Amino acid sequence: MATTIHPISNPGLTLGILDDEAVRRIHTTTLEVIESVGVRFPSEQALDIWEAHGASVDRESQIVRAPGHLIEEALRQAPPTYTLAARDPGQDLPLDGHHVYAGTDGCGVEVLDLETGERRRSSLRDVEQIARIVDSLDEVAFHWVPVSAQDRPPETRALHELAAIWRNSTKHLQTESIVTRHEARAAVDMAAAIAGSREELRARPVFSMMQCTTSPLGQDGGSLDAALIAAEAGVPVGFMTMASCAFTGPATVAGTLVLGNAEVISALALIELAHPGAPVYYAAAQTAIDLRSGAYTGGGPEDFLFGAATNRLADFYDVPLSMGAFATGAKEPDWQAGIENSLSTFMASIVGSDMLLGLGLLHGSRIWSYEHLLMDCEIYSIVRAMLRGIEVDDEALAFDAIRDVGPGGDYLTQPHTRRHMRELWRPRFLDRRPYGAWESEPDRPRDWARRRALELLAGHEPDPLDPALAEELERIITSVEKAADRAVSPAPA
């Protein structure tokens with residue numbers, strides 16, 4: 001059963017961060033970095049493309065130095081808006097600058113078991129169960145592959161994950177796990193089967209791809225090759241910087257913005273040079289190093305500033321943005337998770353980031369929690385209600401109701417109340433019980449979220465994938481596995 005997606009639409013609040021002069025200075029410094037310092041592109045195909053367009057290419061170091069005008073001209077080819085299609089067309093997501101969509105994140109390697117509460121390795125069954133729950137939630141608009149199917153062969157693991165989600169949900173699917181040529185070709189074949197054909201996939205991309213840069217100032221070769229294959233097929237492609245202040249980026253927020261920007265826009269420019277007009281998006285999840293442990297934090301004031309500032313850069317280049325938000329550094333759904341996810345979601349949403357990532361993941365995207373997913377949805381619903389702002393018209397000003405009640409009394413029985421009471425936000429997991437009930441009953445919001453997750457797994461039935469399509473997906477995966485077996489088999493004596 002398909003769900004109606006509830007995005008944040010046309011936020012009624014605004015936030016001023018990075019004025020036009022600041023954005024211009026970040027941009028010009030970024031171009032200077034790309035031209036004079038360079039970015040490493042460890043892919044022969046990528047180096048060939050850069051060289052063919054006049055960039056300076058050092059084949060030995062694989063460093064590309066491209067003039068600013070080449071980067072700017074390439075980025076102007078990128079479409080400013082397009083739609084992420086879903087298996088159910090009613091769940092299509094227009095990336096038009098007027099909506100904020102929330103999605104899961106990836107790719108976690110551990111799960112807090114819903115039955116036992118124990119932490120364990122993730123499996124394909126987890127991918128399937130998470131997809132079913134996400135399919136039922138109005139707050140979650142699209143899937144990332146949330147956890148790794150570690151019980152499947154490495155060479156086809158990412159493909160098994162895609163098939164599992166398509167079998168269990170009708171929503172758009174985005175992945176960060178496709179990082180080789182053979183995976184990319186197979187994933188495009190699978191998406192074309194879901195869409196109906198290669199032509200229909202180009203018209204309605206039911207699948208999109210995200211790749212990570214390798215800070216500082218580097219790209220991953222397999223990711224570049226996979227992204228070029230996807231872009232050629234019309235599949236939207238994004239590149240995400242995860243530069244960390246004082247570690248893989250400068251200690252200042254502005255410096256890390258410059259460095260990450262150089263990584264992202266150089267990769268997007270490559271895609272546009274190879275396939276002008278290809279749908280691309282900016283992606284970011286910058287943070288600051290924890291100065292005590294050296295760990296990736298997944299939360300803190302720098303993260304929240306990055307969430308708002310990066311949208312200004314994506315708007316400057318006129319491309320959609322996918323922004324890391326919810327993936328807290330907390331180890332369990334606790335007060336730290338609530339603080340970090342509330343602030344990161346608010347900051348990224350108020351500026352109109354197109355896609356928010358991270359629902360359900362803990363410990364900097366390492367651990368999946370079913371309860372945490374539902375509690376994150378509560379945070380998103382609060383932010384969504386806040387960003388509607390305050391409507392002011394005759395009906396909202398309620399003069400007639402105020403006159404009818406007069407001094408004293410209450411508004412419980414007023415027609416105006418009956419018309420508008422359901423507009424008031426209502427919690428599912430925030431605890432508003434009287435103190436005595438809270439004191440006497442042992443259950444807590446995390447318990448309620450766990451019960452709700454179990455109910456959804458028991459009761460929600462996604463719209464099934466056509467059996468012939470499911471068989472075709474398995475055929476494609478099997479063909480890749482057979483090719484991998486042949487590649488490692490010893491030659492006959």
Side-chain angles (χ1 to χ4, degrees), residues 1-11 81-106 127 130-146 162 165-166 168-176 191 194-195 204-210 235-236 238 240 279 281-283 285 307 311 314 320-327 341 344-346 348-361 365 368 370 372-388 428 456 460 462-463:
M1 181 178 64
T3 55
T4 300
I5 290 168
H6 291 163
I8 295 169
S9 300
N10 295 314
T81 64
Y82 52 87
T83 295
L84 300 179
R87 189 155 68 85
D88 171 14
Q91 296 175 321
D92 286 0
L93 310 176
L95 303 182
D96 56 8
H98 298 292
H99 302 86
V100 178
Y101 303 107
T104 52
D105 197 356
V127 179
I130 294 167
R132 283 180 57 205
I133 291 180
V134 166
D135 187 71
S136 73
L137 297 173
D138 296 337
E139 295 88 356
V140 190
F142 65 99
H143 299 266
W144 258 34
V145 176
L162 300 185
I165 292 175
W166 271 318
N168 288 279
S169 181
T170 56
K171 296 180 179 180
H172 180 80
L173 172 54
Q174 191 172 98
T175 181
E176 82 293 359
I194 295 291
R204 296 194 69 255
V206 295
F207 165 69
S208 55
M209 187 181 292
M210 201 285 299
V235 170
M240 172 178 278
Y281 59 94
Y282 198 119
N311 189 73
L321 172 67
S322 179
M323 189 69 216
F326 297 89
N341 285 3
S344 65
T345 302
F346 177 78
S349 297
I350 195 172
V351 295
S353 301
D354 299 271
M355 295 168 276
L356 301 185
L357 303 171
L359 290 161
L361 280 166
S365 299
W368 175 267
Y370 291 89
H372 186 55
L373 167 67
L374 294 176
M375 296 165 82
D376 276 347
C377 287
E378 185 106 306
I379 290 172
Y380 178 79
S381 73
I382 293 171
V383 173
R384 179 172 177 264
M386 291 167 59
L387 293 187
R388 284 201 299 259
R428 282 170 287 187
L456 291 172
H460 178 72
D463 290 347

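Here the structure is a predicted model, which is why all the values come from computation and not from measurement.
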Nearest heavy atoms of Ser349 and Leu387, plus distance in Å: CB-CD1, 3.5 Å
Closest contact, heavy atoms only, Gly360 versus His372: C-CD2, 3.5 Å
Nearest non-hydrogen partners of Leu357 and Trp144, listed with the distance: CD1-CZ2, 3.3 Å
Min side-chain heavy-atom separation Thr175-Phe207 under 4.5 Å: yes
For Val206 against Ala191, the heavy-atom pair lying closest together: CG2-O, 3.8 Å
Trp368 and Thr104: CA distance, side-chain angles, deciding distance, side chain to side chain contact (heavy atoms under 4.5 Å, CB included) verdict: CA-CA 10 Å; Trp368 175 267; Thr104 52; 4.1 Å; yes
From Ile8 atom CD1 to Leu356 atom CG, the distance as rounded to the nearest 0.5 Å: 6.5 Å
Arg87 side-chain N/O to Asp463 backbone N/O, donor-acceptor pair under 3.5 Å: yes
Whether Asn311 side chain and Val351 backbone form a donor-acceptor pair below 3.5 Å: yes
Positive for side-chain contact (heavy atoms from CB on, under 4.5 Å) with Asp135, one of Asn168, Leu456, Thr170: Thr170
Distance-minimising heavy-atom pair for His172 and Leu93: CB-CD1, 4.3 Å
Residues Phe326, Leu361; criterion side chain to side chain contact (heavy atoms under 4.5 Å, CB included); working and verdict: CA-CA 7 Å; Phe326 297 89; Leu361 280 166; over 6 Å; no
CG on Asp376 to CG on Leu137, rounded to 0.5 Å: 11.0 Å
Lys171 side chain to Ile5 backbone, donor-acceptor under 3.5 Å: no
Closest contact, heavy atoms only, Val140 versus Cys377: CG2-SG, 3.7 Å
Between CE on residue Met210 and CE on residue Met355, distance to nearest 0.5 Å: 10.0 Å
Ser365 side chain to Asp105 side chain, donor-acceptor N/O pair below 3.5 angstrom: yes
Pairwise side-chain contact, Pro89 with Arg204, heavy-atom cut-off 4.5 Å (strictly under): yes
Distance (rounded to the nearest 0.5 Å) between Ser353 OG and Met323 CE: 7.0 Å
Short side-chain to backbone donor-acceptor contact, Asp354 and Ser322, under 3.5 Å: no
Glu139 side chain reached by Leu359 side chain, heavy atoms, under 4.5 Å: no
With sequence neighbours excluded, residues passing salt bridge (charged side-chain N to carboxylate O under 4.0 Å, His left out) with Glu176: none
Test log, rule side chain to side chain contact (heavy atoms under 4.5 Å, CB included), inputs Leu373 and Val134: CA-CA 9 Å; Leu373 167 67; Val134 166; 4.2 Å; yes
Side chains of Pro94 and Thr81 in contact at under 4.5 Å (non-hydrogen atoms): no
Non-hydrogen side-chain atoms of Phe142 and Gln91 separated by less than 4.5 Å: no
Under the ring-ring contact (aromatic ring centres under 6.0 Å, His included) test, residues paired with Tyr101 that sit two or more places apart: His99
Residues Ile130, Tyr370; criterion side chain to side chain contact (heavy atoms under 4.5 Å, CB included); working and verdict: CA-CA 8 Å; Ile130 294 167; Tyr370 291 89; 3.7 Å; yes
Whether Ser208 side chain and Pro236 backbone form a donor-acceptor pair below 3.5 Å: no
Main-chain N/O of Ile165 paired with Ser169 side-chain donor or acceptor, under 3.5 Å: no
Gap separating the CG atom of Leu84 from the CG atom of Leu95, nearest 0.5 angstrom: 4.0 Å
Inter-residue atom distance Gln174.CD - His143.NE2, 0.5 Å rounding: 11.5 Å
